[in-house]
Amino acid sequence: MSDQKRLFLVDAYALIFRGYYAFIKNPRINSKGEDTSAIMGFMNSLLDVIKRERPDHLAVCFDKGGSADRVEMYEAYKANRDETPEGIKTAIPHICEILKAMHIPIMVKEGYEADDVIGTLSRQAEKEGYKTYMVTPDKDFAQLVTENIFMYRPVFGGGYETWGIPEVQKKFEVTDPMQVIDFLGMMGDASDNIPGLPGVGEKTAKKLLAQYGSMENLLANTHELKGKMKEKIEASKELGMLSKKLATIMLDVPVTFNAKDFELDQPDIPKVTEIFQELEFRQLLSNFEKTFALEATSTETTSNKTEIKSTPKETASAGAGQFSLFGGDISTSKETETVSEFTRNTTETSSHFYQSVASGMATKLFIKNLMAQNSVCFDTETTGLNPITAELVGIAFSWEVGKGFYLPFPEDKNEAQELIELLRPFFESETIEKIGQNLKYDIKVLAKYKVEVKGKLFDTMLAHYLINPDMRHNMDILAETYLNYTPISIEELIGKKGKNQLSMRDVALDKQTEYAVEDADITLQLKEHFEKELGAANTQKLFDDIEVPLLRVLAAMELEGINLNETFLNSLSEQLNSDIKSLETKIYAEAGEEFNIASPKQLGDILFDKLKLVDKPKKTKTGQYATGEDILSYLAKDHDIIQHILDYRGLAKLKSTYVDALPNQVEPSTGRIHTDYMQTVAATGRLSSNNPNLQNIPIRTERGRQVRKAFIPRSEDYMLLAADYSQIELRIIAALSNEETMINAFKNGEDIHASTASKVFNVPLEEVTREQRSNAKTVNFGIIYGVSAFGLSNQTDLSRSESKELIDTYYATYPKLRNYISEQIDFARENGYVQTVLGRRRYLNDINSRNAVVRGAAERNAVNAPIQGSAADIIKLAMINIFKKLSTGNFKTKMLLQVHDELVFDVYKPELEAIKTLVKTEMENAYKLEVPLDVELGVGHDWLEAH
DNA sequence: TGCAATGCATA
DNA sequence: GTATGCATTGCAA
């Protein structure tokens with residue numbers, strides 16, 4: 001190895017942005033509501049570099065105040081950059097503080113970019129005999145590469161690549177790295193707003209460079225070019241030279257490379273520890289400690305450096321002769337400490353003991369051991385994702401971290417049932433707690449084997465939903481976030497989805513075991529993690545009293561499904577088809593040509609380019625003409641074609657999304673539609689429904705409403721009952737704000753929108769016009785969504801100023817409502833979250849954003865989330881109570897659907913009166929507010945009639 | 001084949 | 001102005 005000294009220069013902003021966006025779908029938010037994604041991302045990269053390369057010398061370089069020289073040359077330089085995201089701005093001071101504590105020099109020079117600082121330092125270091133590595137993903141740096149200066153680029157998916165001269169030559173098709181400047185100058189750079197030569201992209205730039213070698217030479221020989229390109233380039237010679245200058249990294253920044261200052265020495269460990277703890281970087285802290293602890297030991301030991309040892313890993317199969325393995329003595333034998341590794345742990349790097357259990361005696365012994373536990377994590381493996389058709393392939397169990405067992409299931413149905421019978425005492429035990437990730441799925445699978453899962457439940461997915469509802473809750477994400485562990489991916493096991501995907505049944509037993517037990521093991525670890533965090537506030541109660549009991553309710557509703565009148569839908573489809581056809585003919589005639597009406601792009605071109613229906617049409621953000629419903633509605637009265645298009649769209653949507661789609665969703669084995677309720681996706685606490693979505697079946701238009709006729713009771717002996725909360729969100733906001741005027745209106749059973757209109761427009765209740773009521777209704781809803789005059793005027797015929805006036809009068813009428821709204825916003829500012837009546841939280845990181853648009857959105861969330869969320873809490877309570885009564889009362893009636901403020905039941909006719917009372921009582925009394933809750937009931941032979 | 005953009009259904 | 005899910009087009013890979 002060369003003993004040449006190595007200097008690493010880190011391009012701070014580039015890594016910070018990269019880190020920030022790596023977490024963009026899943027931002028890291030700590031308990032104080034701070035977005036720490038950028039800090040985390042940057043620190044991960046920095047520690048990674050230190051750990052991998054152990055540089056002798058290291059500095060981190062920042063931009064400051066942009067490049068004065070470049071802006072002087074070209075006003076638009078970097079002008080199109082979006083404003084730096086809030087999460088990055090707030091990260092910078094933290095990062096600087098950490099770097100200081102780590103004794104890593106920060107290099108900045110006012111008026112220069114990090115590129116220039118790095119360029120200058122690397123040249124200076126080169127003269128002093130250093131090898132320099134520029135740590136950055138930014139390709140622009142390639143121009144600086146020499147024999148002694150390299151790029152050290154993080155690559156997607158982890159790891160780094162080093163670019164020396166040969167790599168740059170290959171990447172850019174140049175002979176000398178300096179030509180990268182010409183290359184960038186020619187093709188331009190959208191992100192830096194370097195214009196480049198018009199019409200020249202990457203391909204052409206490479207070609208020209210190969211031919212002419214430099215920008216100057218190209219511009220001097222434009223006579224050799226041909227056609228359009230010749231014209232364009234000759235006309236832009238100045239632009240070309242300017243672009244080249246802008247792309248050139250400066251090498252004469254007034255900074256000095258002082259070797260002594262740049263030496264990497266031991267950080268101030270207590271200080272760094274303190275900062276990391278403050279930011280709640282548990283995993284990062286341990287990485288940090290390992291990174292520097294390792295360095296300490298490796299310098300102390302004189303013996304040859306020991307690389308990280310390979311890890312013990314055991315996948316054993318317990319045959320009948322190995323009973324003792326169940327006795328619990330295994331932990332003493334092979335287990336060693338988890339390896340200290342910076343990178344994520346995986347099944348390859350973590351010590352574990354996963355075992356499959358053979359049939360016969362081994363299984364019996366295993367179950368005996370299982371029954372002796374107080375709390376067990378389990379995970380079912382099946383042949384597919386649909387729990388109604390999926391068959392059990394195996395079940396994994398774990399009750400001790402790092403250890404678990406896998407019980408494979410025979411393919412033969414009778415044998416499988418025999419095996420599950422052995423497990424019945426476990427699943428139906430009231431005393432053994434069951435832990436799982438998305439237990440609703442496992443419960444549904446086991447229900448097919450007539451096994452009920454009883455006893456206390458702990459669902460890690462639900463737990464995390466309450467802890468941080470804005471995140472996603474896949475096990476893989478949770479494992480990576482909280483355990484720094486990457487589980488075996490299902491794709492690794494059964495392949496990408498599509499043609500050649502295997503079934504779990506086709507996977508070798510040892511692989512099944514590794515995968516399945518790993519899931520159970522991880523889930524168990526996550527549980528230990530989350531149960532502590534649930535302690536905060538009312539979260540534990542919400543978990544125990546709402547989400548976990550609801551899981552069983554939802555499982556039952558989903559298994560039950562709902563009956564669908566397919567014959568009816570088929571005839572509806574025919575009708576729609578002929579109507580669509582005739583509209584199509586009319587539209588083509590009016591447009592003078594045939595085109596795809598469903599394509600917004602083509603439609604826009606026809607309407608606005610060809611027919612020129614409007615002087616200056618509105619464009620969407622992608623530059624297309626906007627053809628949304630709101631836009632077209634304005635034009636409808638002037639042009640027949642518009643109304644026809646709107647009708648066409650409506651019918652086409654109806655047909656494809658509902659009338660034709662629903663019959664395909666009927667489950668053959670039950671003949672019914674089984675939706676899947678997602679309990680952990682809506683940040684406010686609502687449920688969502690998919691495959692199919694039964695929460696958006698049409699109702700507003702006459703035509704659409706017909707689809708509801710297709711939802712019918714299970715048989716002649718049943719009727720559908722629909723129970724709706726009337727105005728629940730308005731009642732909640734009235735109650736929470738303690739606005740007496742509104743509360744009294746509800747108490748008196750008034751028509752709330754008319755009542756609001758009467759007060760706001762100052763007319764007697766009987767004289768409220770339809771228009772006044774309608775406007776009052778819009779404002780009432782607007783309040784729930786966090787009104788603005790702008791939004792209101794968009795929704796009504798009112799102008800912006802009329803809207804403002806209406807809102808002002810509204811607030812004057814209901815002063816406490818206004819107070820409540822500002823209280824919510826203040827609360828969010830102070831605490832970083834808002835909460836529902838049951839204490840369900842929603843964190844709002846942007847509430848203090850300096851960006852007014854972003855902040856405004858967070859403020860509307862602060863108003864809406866408690867309202868929408870409280871309504872969700874209340875109906876969840878009602879569902880749990882009703883479900884309980886239906887079971888204990890041995891009713892034949894089943895709860896089938898939930899649509900946010902509505903419940904639908906399949907009612908056994910003899911039970912109708914009892915059920916009506918039961919449902920209304922439970923719903924209206926699910927939660928006590930200052931305002932009475934009101935539930936409207938409807939009964940019918942289909943869902944439409946029930947309304 | 002997968003993804004973003006657009007549009008639209010519900011509460 | 002809040003919260004979702006899904007069909008379609010059209011482009012990228």
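So that the names make sense, note that chain A is the first sequence line, chain B the second, and so on, each numbered from 1. Quick note: numbers below take in every heavy atom, side chains included, and nothing from hydrogens, waters or symmetry partners. Owing to the predicted nature of the structure, the values given are computational and were not obtained by experimental measurement.
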| message | Over 60° means perpendicular and under 30° means parallel, so tell me whether A:His947 and A:Trp943 are parallel, tilted or perpendicular. | response | tilted

| message | Could you check whether A:Lys618 makes a cation-pi contact with A:Tyr625, meaning its NZ or CZ is under 6.0 Å from the centre of the six-membered ring and within 45° of the ring axis? | response | no

| note | In whole angstroms, the gap separating P of C:dG5 from OH of A:Tyr677 amounts to 13 Å

| query | Rounded to whole angstroms, how far apart are CD on A:Gln795 and P on C:dT2? | reply | 11 Å

| Sugar-phosphate or base contact per nucleotide [nucleotides 6-11 of chain B; S, B, -; heavy atom under 4.0 Å] | SBBBBB

| Would A:Gln679 and A:Asp459 count as a side chain to side chain donor-acceptor pair (under 3.5 Å) if you check the C-alpha gap in whole Å, the side-chain angles of each, and the deciding distance to 0.1 Å? | CA-CA 11 Å; A:Gln679 207 176 339; A:Asp459 190 319; over 6 Å; no

| Looking across every strand, which nucleic acid part, if any, lies under 4.0 Å from A:Ala857 by heavy atom: base, sugar-phosphate, or nothing? | nothing

| request: Would you indicate, yes or no, if C:dG5 has its OP1 or OP2 atom less than 4.0 angstrom from a side-chain nitrogen or oxygen of A:Ser688? | output: yes

| task | Look at all strands and tell whether A:Arg842 reaches a base, only sugar-phosphate, or nothing, counting heavy atoms closer than 4.0 Å. | result | sugar-phosphate

| task | Considering only NZ, NE, NH1 and NH2 on the basic side and carboxylate oxygens on the acidic side, decide whether A:Arg829 and A:Glu859 come within less than 4.0 Å. | result | yes

| Atom-to-atom span, CD1 of A:Ile728 to P of C:dA3 - whole angstrom | 18 Å

| Rounded to the Å, how far apart are A:Asn664 CG and C:dA7 P? | 10 Å

| said: Just the rounded figure in Å: distance from P of C:dG1 to CD1 of A:Ile733. | reply: 18 Å

| field | Sorted by number, the residues of residues 858-867 of chain A with heavy-atom contact under 4.0 Å to DNA chain C | value | A:Arg860, A:Asn861, A:Asn864

| query | Do the charged groups of A:Asp647 and A:Lys586 touch, with an N to O distance under 4.0 Å? | reply | no

| Judged by modelled atom types alone, do A:Gln695 and A:Gln898 share a side-chain donor-acceptor pair under 3.5 Å? | yes

| request: For the residue pair A:His753 and A:Phe781, categorise the inter-ring angle as parallel (less than 30°), tilted (30 to 60°) or perpendicular (more than 60°). | output: tilted

| field | Atom-to-atom span, CD of A:Gln602 to P of C:dT8 - whole angstrom | value | 15 Å

| query | Can you list the steps and then say if A:Asn775 with A:Thr796 is a side chain to side chain donor-acceptor pair (under 3.5 Å)? | reply | CA-CA 7 Å; A:Asn775 282 335; A:Thr796 60; 4.6 Å; no

| said: Under a 3.5 Å cutoff, is there a donor and acceptor pairing between the side chains of A:Asn386 and A:Glu667? | reply: yes

| query | Within the structure shown, what part of the strands sits under 4.0 Å from A:Thr778 by heavy-atom distance: base, sugar-phosphate, or nothing? | reply | base

| task | Indicate whether OP1 or OP2 belonging to C:dC6 is found under 4.0 Å from a side-chain N or O atom of A:Ser656. | result | no

| message | Could you tell me how far apart A:Arg840 (CZ) and C:dA3 (P) are, to the nearest whole angstrom? | response | 15 Å

| task | Using atom NZ of A:Lys619 as one end and atom P of B:dA5 as the other, report the distance to the nearest whole Å. | result | 17 Å

